Protein chains: 2
Amino acid sequence: MDSEPDGKPRRLTRAEAKARTRRLLLDAAARTFARKGYAGASVEEIAEAAGYSIGALYSNFGGKEELFIELMVGGAKARVERGRRIVAAVQDGTEEPEQALGRFFMEAADKDDDLPLLQAELWLYAMRNPRLKEALAEAQREPQAALEALMEPVLERVGAAGAVPPSAVATVASAMFQGLLRQRRLDPPSVPDDLLRQAMRWLFTGIANTPGPSAEEPS
Amino acid sequence: MDSEPDGKPRRLTRAEAKARTRRLLLDAAARTFARKGYAGASVEEIAEAAGYSIGALYSNFGGKEELFIELMVGGAKARVERGRRIVAAVQDGTEEPEQALGRFFMEAADKDDDLPLLQAELWLYAMRNPRLKEALAEAQREPQAALEALMEPVLERVGAAGAVPPSAVATVASAMFQGLLRQRRLDPPSVPDDLLRQAMRWLFTGIANTPGPSAEEPS
DNA sequence: GTCTATATGTCGATAGAC
DNA sequence: GTCTATCGACATATAGAC
């Protein structure tokens, strides 16, 4: 029942079927790792959630850890892609820099409820496995670069371009965002809806009015 | 070799011995949970690290989870105590508010290398156990109040007292601190030594120069 | 109070049928 | 390619000796 009489390609080649299985297993792994934790999630649970058996999982991945690592690189790639699209929208003039920056964070926050859980799991795992620590740091460098690119026009707006390294601002903004997101998950009333926006405004206003460590000459 | 000839009390009463065992077990649990994670740490490992056996652990605690929860409340109590001492130093005039604020964060960062790991574990565990989520949120409210008390004199310094709720500033500062600490653990060069200080300066300068959401009248 | 021994269960990973 | 059956390792928690 695999071959079709006409010249069209079969419904699914073997490679396509395997790719589909891999994708379903990865999605299920992301959900399961987020809900139960890396150590707490069993491969049987993951396979079941994907609609497959343990055997299928081991036929497509080397094991539990390999599954986890692929989630890490996959997530980083997705964030880079998202960053690129937003930067493009700014350069095309489709979107204002501040809006774009807010969208960059908000999309990450709203899109996926258990992304923060998965990221915390990845961070902890990386802290305990020096090999993966370097890999995770490297994986974050690309999305970080995208955020920097988004940061530059915003710094120009507030008149602080050149006065401060965009990478430092990107790091601080990202840390603030992730910290607030986690606190909001733990205790929503302590982080009102507009606190993130407010905090970003404070940050950029502060940058615009703070003289650098090495005093730059006034124009 | 247990009894002493003089009239002094015995070296250790039974209650004292038990309290000592509890403390040693809790210390070992903190280290082990931080290094291996909650699910990854075994009670046997914890008992061994404390120099006891599994039986001693179960004689002093209800089980693995109870040990974990006691670490949560114990950590919160320690932070409250630390906050109180620092606030007292400010009110006594022993220390400047900004220095005190910096010390509040730096002590937390330097004192204990695996505190961030333990906190990440606690947060994840709380996210997955609604019962403990409320408990952890509640446990954080006291240290948060201490941080707010420390924040007020700093806000006065920058001339923003009354213009902005100290609780919001405390929340943002804490989020920024924790986010930067985690990023520094993952990739030290991306978070230079003075970035935290710099970020705090940006934040307070920004607060001093940002009009509130409801514009307050100029003095 | 603390230890040793063990009951009971679940895990990751593999082998072989289909 | 995927499934079922299973092995060996290790987990939590308990029971009884001391």
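The sequence lines fix the lettering, A, B, ..., with proteins before strands; numbering per chain opens at 1. FYI, side chains are in, hydrogens and waters are out, and symmetry mates aren't considered; it's all heavy atoms of this structure. Predicted model only: the values in this text are computed from it and were never measured.
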A:Gln183 side-chain N/O to A:Leu180 backbone N/O, donor-acceptor pair under 3.5 Å
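Side chain of A:Gln183 to backbone of A:Leu180: no pair is present.
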Non-neighbouring partners of [X] that pass side-chain hydrogen bond (donor to acceptor under 3.5 Å, both in side chains), sequence neighbours left out:
X        : result
A:Asp187 : B:Arg141
B:Arg22  : B:Glu70
A:Gln119 : none

Tabulate below the donor-acceptor pairs under 3.5 Å that side-chain atoms of residues 83-95 of chain A make, not counting sequence neighbours, or state none.
from	atom 1	to	atom 2	distance (Å)
A:Glu95	OE1	A:Arg103	NE	3.2
A:Glu95	OE1	A:Arg103	NH2	2.9
A:Glu95	OE2	A:Arg103	NE	2.9

Distance check needed: [N] [atom2] versus [X] [atom1], whole Å only.
X       : N      : atom1 : atom2 : answer
A:Glu48 : C:dT10 : CD    : P     : 13 Å
B:Ile46 : D:dA13 : CD1   : C1'   : 14 Å
B:Arg20 : C:dT2  : CZ    : C1'   : 13 Å
B:Glu16 : C:dT2  : CD    : P     : 13 Å
B:Arg22 : C:dG1  : CZ    : C1'   : 14 Å
B:Leu57 : C:dT2  : CG    : C1'   : 12 Å
A:Tyr52 : D:dT2  : OH    : C1'   : 9 Å

Scan residues 43-53 of chain B for pairs that pass salt bridge (charged side-chain N to carboxylate O under 4.0 Å, His left out), counting only residues two or more places apart or in two chains.
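Non-adjacent pairs meeting salt bridge (charged side-chain N to carboxylate O under 4.0 Å, His left out): B:Lys36-B:Glu45.
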Enumerate the ring pair (Phe, Tyr, Trp, His ring centres under 6.0 Å) contacts for residues 67-102 of chain A, please, sequence neighbours excluded, ordered by first and then second residue.
A:Phe33-A:Phe68, A:Tyr38-A:Phe68, A:Phe68-A:Tyr125
Protein-to-nucleotide contact annotation, 5' to 3' order, nucleotides 12-18 of chain C [B base; S sugar-phosphate only; - none; under 4.0 Å, heavy atom]:
SBB----
For C:dG1, does OP1 or OP2 lie under 4.0 Å from any side-chain N or O of B:Thr21?
no
Can you name the salt bridge (Lys or Arg N to Asp or Glu O under 4.0 Å) partners of B:Glu98, sequence neighbours left out?
B:Arg157
Could I get the full list of salt bridge (Lys or Arg N to Asp or Glu O under 4.0 Å) partners for B:Glu81, not counting sequence neighbours?
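Per chain and number, B:Glu81 pairs via salt bridge (Lys or Arg N to Asp or Glu O under 4.0 Å) with no residue.
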Scan residues 23-34 of chain B against DNA chain C and write down, sorted by residue number, each residue with any heavy atom closer than 4.0 Å; if none is found, say none.
none
Name every residue in residues 121-133 of chain A that has at least one heavy atom under 4.0 Å from any atom of DNA chain C, in order of residue number, or write none if there are no such residues.
none
Determine whether B:Arg35 and A:Arg128 satisfy the following criterion, side-chain contact (heavy atoms from CB on, under 4.5 Å), listing intermediate values before the conclusion.
CA-CA 7 Å; B:Arg35 272 217 313 274; A:Arg128 291 162 187 152; 5.8 Å; no
Restricting to side-chain contact (heavy atoms from CB on, under 4.5 Å), what partner residues turn up for B:Ala108, sequence neighbours left out?
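side-chain contact (heavy atoms from CB on, under 4.5 Å) list for B:Ala108, sorted by chain: B:Arg82, B:Phe177.
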